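Structure first, then comments.
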Amino acid sequence: MTNPSSATVEVPLPVRVGSPSTFRSPGLVMDGGEVPKHIAFIVDGNRRWARNRGISVEEGHRRGAENICKALEWCEAAGVQITTWWLLSTDNLSRSAGELRELVDIIRGLVRLLATSRRWRIRHLGDPAMLPSSLATELKEAAGSTGDVLRPQVNLAIAYSGRADIVEAVRTIVLRAAPMGLDVDAPLEVTEERIAEALSTRGQPDPDLVIRTSGEHRLSGFMSWQTSMAELHFCPALWPDFRRTHLESALGEYAARKRRFGM
């Protein structure tokens with residue numbers, strides 16, 4: 001993959017940092033209904049949104065990044081503690097070099113903006129080796145500079161695959177066992193707990209709710225392990241058209257569901 005230019009794209013926050021926006025949550029949530037601790041977003045539809053308007057794909061991605069800033073505000077105001085955003089899958093890396101350069105620049109700008117605001121604690125999910133060094137460095141620095149932020153957690157899934165996350169977790173378990181003198185004749189104990197502790201989301205609760213935009217009704221391999229018990233909400237709006245009312249609808253639907261977990 002060709003390294004992008006050093007320039008970043010400015011993606012302004014929708015409101016001044018430090019002044020939380022108002023949130024018109026449905027009565028079901030406001031009156032004691034359960035708010036999900038962790039929402040995972042599949043932000044789909046930027047390219048279709050741009051093509052429908054006869055504008056550049058780059059502008060579609062830029063508008064999508066701006067909408068992530070807005071949605072972060074809404075989630076924080078609603079009391080959501082963790083959000084995960086799938087910005088770039090490993091499959092997306094097969095797109096044209098030109099589109100990838102533009103998209104990487106926009107993501108770099110978004111990462112830098114979120115980090116410098118110090119409103120959220122940032123973690124990268126995905127394989128940094130698959131990214132241009134400029135973006136991988138930006139993500140590493142963002143995680144380091146916000147590690148002490150006592151505010152909501154933001155996971156940025158970039159060059160991310162749910163299957164690869166599981167494979168890497170199993171590899172980590174094996175590598176940890178090797179220095180302890182692994183007996184080749186004895187099976188290695190691999191439990192759900194050990195896998196969870198080795199995933200990229202270790203230390204965090206699994207998503208309670210997954211929201212996917214653009215009308216697609218599938219997860220496409222997103223957080224394959226972590227979303228096994230999550231509630232799913234499929235929104236027909238393309239991501240740049242996603243509004244606070246769409247989030248309110250998803251939260252109201254989530255609060256109305258009875259989560260039995262097999263009981």
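Computed from a predicted structure; not experimentally measured. We number each residue from 1, following the sequence as shown.
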Shared hydrophobic cluster, Phe222 / Ile158 (ILVMFWY, side-chain heavy atoms < 4.5 Å): no
Charged N-O contact under 4.0 Å between Arg194 and Glu197: no
Expected output: side-chain Ser117 to main-chain Leu114 donor-acceptor under 3.5 Å: yes
Non-hydrogen side-chain atoms of Pro128 and Leu139 separated by less than 4.5 Å: no
Steps toward side chain to side chain contact (heavy atoms under 4.5 Å, CB included) verdict (Val57, Arg51): CA-CA 7 Å; Val57 170; Arg51 288 166 179 161; 4.0 Å; yes
Side-chain heavy-atom pair Cys69, Leu110 within 4.5 angstrom cut-off: yes
Any donor-acceptor N/O pair, Arg63 side chain to Gly60 backbone, under 3.5 Å: no
Check: Arg218 main-chain N/O paired with Arg212 side-chain donor or acceptor under 3.5 Å: yes
Close side-chain approach of Thr84 to Pro207, heavy-atom, < 4.5 Å: no
Side-chain donor or acceptor of Asn67 paired with backbone N/O of Trp239 under 3.5 Å: yes
Same apolar cluster (I L V M F W Y, side chains within < 4.5 Å links), Leu72/Ile107: yes
Cluster check Tyr254, Val80: I/L/V/M/F/W/Y, side chain < 4.5 angstrom: yes
Verdict with supporting geometry, Trp49 and Asp241, side chain to side chain donor-acceptor pair (under 3.5 Å): CA-CA 8 Å; Trp49 182 88; Asp241 287 331; 3.0 Å; yes
Cationic N near anionic O, under 4.0 Å, Glu58 to Arg62: yes
Minimum-distance pair of heavy atoms, taken over all atoms of Ala230 and Val210: CB-CG2, 4.0 Å
Leu238 side chain near Thr213 side chain, heavy-atom distance below 4.5 Å: no
Salt-bridge criterion met for Asp44 and Arg48 (N-O under 4.0 Å): yes
Side chain to side chain donor-acceptor pair (under 3.5 Å) evaluation trace for His38 with Thr83: CA-CA 6 Å; His38 185 172; Thr83 55; over 6 Å; no
Parallel, tilted or perpendicular: rings of Trp85 and Phe41 (30°, 60°): parallel
Linked, directly or transitively: Leu131 and Tyr160 (ILVMFWY side chains, under 4.5 Å): no
Backbone N/O of Asn92 and side chain of Ser89: donor-acceptor pair under 3.5 Å: yes
Chi angles and distances behind the side chain to side chain contact (heavy atoms under 4.5 Å, CB included) call for Glu66, His61: CA-CA 9 Å; Glu66 291 172 356; His61 289 313; over 6 Å; no
Residue pair Leu125 / Leu156, side-chain heavy-atom distance below 4.5 Å: no
N-O pairing of Arg243 and Glu248 below 4.0 Å: no
Leu251 versus Ala78, closest heavy-atom pair with distance: CD1-CB, 4.0 Å
Where Ala115 and Ile122 come nearest, the two heavy atoms and their spacing: N-CD1, 3.6 Å
Short side-chain donor-acceptor distance under 3.5 Å, Arg123 and Thr201: no
Single-linkage hydrophobic cluster Val154~Leu247, side-chain heavy atoms < 4.5 angstrom: yes
Short side-chain to backbone donor-acceptor contact, Asp165 and Gly126, under 3.5 Å: no
Any donor-acceptor pair under 3.5 Å from Arg121 side chain to Val149 backbone: yes
Carboxylate-amine/guanidinium proximity below 4.0 Å for Arg119 and Glu73: yes
CA sep, side-chain torsions, deciding dist, call: Phe234, Ser214, side chain to side chain contact (heavy atoms under 4.5 Å, CB included): CA-CA 8 Å; Phe234 298 106; Ser214 84; over 6 Å; no
Polar side-chain atom of Arg163 near backbone of Met223 as donor-acceptor pair, under 3.5 Å: no
Geometric class of the Trp74/Phe242 ring pair [parallel <30°, tilted 30-60°, perpendicular >60°]: tilted
Donor-acceptor contact present, side-chain Thr172 to main-chain Glu168, <3.5 Å: yes
Verdict with reasoning, Leu93 to Leu88, per side chain to side chain contact (heavy atoms under 4.5 Å, CB included): CA-CA 8 Å; Leu93 296 174; Leu88 190 70; 3.6 Å; yes
Residues Glu76, Arg151; criterion salt bridge (charged side-chain N to carboxylate O under 4.0 Å, His left out); working and verdict: CA-CA 9 Å; Glu76 182 177 358; Arg151 280 181 172 271; 2.7 Å; yes
